[in-house]
Student: 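Quick one: this structure, given as structure tokens, is what I'll be asking you about.
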Amino acid sequence: MLLEQLQNFLEQYTAENKLTPSYVEQRLQQIHAAGTVEYTSEEIDYAMKLAWRNSNKCIGRLFWKSLHTFDRRDLRTPQAIYEALIEHIDYATNGGKIRSTISVFDPSVRIWNHQLVRYAGYETASGIIGDPASVEFTKKCLELGWRGEQGRFDVLPLVIQVADDAPVVFDIPAAHILEVPLRHPTLEWFSELGLKWYAVPMISDMKVDVGGIEFISVPFNGWYMGTEIGARNLADENRYNMLPTIAEKMGLDTSKNASLWKDYALVELNRAVLYSYKEDGVSIVDHHTAVEQFLLFEKQEQQAGRDVTGNWVWLVPPLSPATADIYHRTLDNTKKKPFYCYQKPPFHL
Ligand code: ARG
């Protein structure tokens, strides 16, 4: 069974990279002789690209070939892993010209964070301060000795565990974290809301199975689609819930649903996000362009003789959904291997 998965991956790798077919046999023999599966850096890099191409929930897959892989499988100490994560952050951030990047660690390494950079959420007597999605992880960090400043946008520390050792907590120096203060092209009061978001979304809690071997620490990033911030992170009622405040400031009638105050507020918040990132030279894509890029990806895949799979619920943007071509179609959500998927959190809550 394992051998079959291994062989499948090596065959795909060999075929797509136009290697001589004997490569598969040769690698299987090497692996058999070694008694353990040790992929080459080239195989790992291609596997990570494939897993991106197979991410049914990702609208940004047109760029799958451009993924930059840091092969970090040799690192075994929290300090070295921390330094590699800082390098990932710096390389990916690139002063705002974001580069799609992944770091691959040995499976004995576990990163506790959901994203490398994320804002804390504190439960207080007067409600949650910060990002409600981070409340549980923030508690863990505090338990581990981290001191939060009880602000709305406190960047959480990196929590790194090696094998069964206790996890180690590292603050990320501010100089490595690019953030964008939000302002609006015409609504001058917008900047007074004190909103901001970080530049690079770096998911660090997903795993990927490559030919039967699980890689559980593979932090990766692309760049944001504006709606992730403007229609979800800052808008959802169970996140920063900013729509009532923005609508109020806009002078809209929030007592009646039919005034469409939520819709007006959403559009202005999303305009602010796109405007601010653009003005600061930080890569971001609006949802209309992202859909166009996805259609191009579909075309490209078709030309390569492959079916495109996708998860409709995730691919249709949360803003003006029916303006997206994909809204009007059904998509095939078959999961092709390898793919990134969720895993059980390493800590008990
Ligand atoms: N939706 C997540 C967030 O808002 C990020 C997921 C990955 N997004 C991306 N554009 N690569 O933080």
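Side-chain atoms are counted along with the backbone in the values below, which use heavy atoms only and exclude waters and symmetry mates. All residue numbers refer to positions in the sequence shown, counting from 1. Order of listing sets the numbers, starting from 1, for every ligand and every atom in it. In this text, all values refer to a predicted model and were calculated from it rather than measured experimentally.
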Student: Can you label the angle between the Y277 ring and the Y224 ring as parallel, tilted or perpendicular, going by 30° and 60°?
Tutor: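 Answer is perpendicular, since the angle exceeds 60°.
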Student: Would you call the rings of Y46 and Y13 parallel, tilted or perpendicular, taking 30° and 60° as the class edges?
Tutor: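 Perpendicular: the ring planes of Y46 and Y13 meet at over 60°.
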Student: Could you find the nearest protein heavy atom to atom 2 (C) of ligand 1 and give me its residue, atom name and distance?
Tutor: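 Answer, as residue, atom name and distance: E228 OE1, 3.4 Å.
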Student: For T14 and R27, what are the C-alpha separation, side-chain angles and deciding distance, and is it a side-chain contact (heavy atoms from CB on, under 4.5 Å)?
Tutor: CA-CA 10 Å; T14 303; R27 288 290 291 130; over 6 Å; no
Student: Where on Y198 is there a heavy atom closer than 4.0 Å to ligand 1, on the side chain, on the backbone, on both, or on neither?
Tutor: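 For Y198, only side-chain atoms sit under 4.0 Å from ligand 1.
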Student: For ligand 1, find out whether one of its N or O atoms is nearer than 3.5 Å to an N or O atom of Y224.
Tutor: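 Among all N and O atoms of Y224, at least one is under 3.5 Å from an N or O of ligand 1.
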Student: Search all heavy atoms of F190 against all heavy atoms of E268 and return the closest pair with its distance.
Tutor: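 Smallest interatomic distance, heavy atoms only, reads CE1-O, 4.5 Å.
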Student: If you count the atoms of ligand 1 from 1 in the order shown, which ones are under 4.0 Å from a heavy atom of Q115?
Tutor: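 What qualifies from ligand 1 is 2 (C), 3 (C), 5 (C), 12 (O).
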Student: Within the 4.0 Å heavy-atom shell around W223, which atoms of ligand 1 are there?
Tutor: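 Those qualifying, in numeric order: 9 (C), 10 (N), 11 (N).
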Student: Just let me know how R232 lines up against ligand 1, side chain, backbone, both or neither, with a heavy-atom cut-off below 4.0 Å.
Tutor: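 The answer is neither.
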Student: With only distance considered, is N233 within less than 3.5 Å of ligand 1 through an N or O on each side?
Tutor: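 Yes.
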Student: Angle between ring planes, W112 versus F347, binned at 30° and 60°: parallel, tilted or perpendicular?
Tutor: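 Ring orientation of W112 relative to F347: tilted.
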Student: Begin from the C-alpha positions of N56 and T309 and carry the test side-chain hydrogen bond (donor to acceptor under 3.5 Å, both in side chains) through to its verdict.
Tutor: CA-CA 6 Å; N56 288 358; T309 55; 2.6 Å; yes
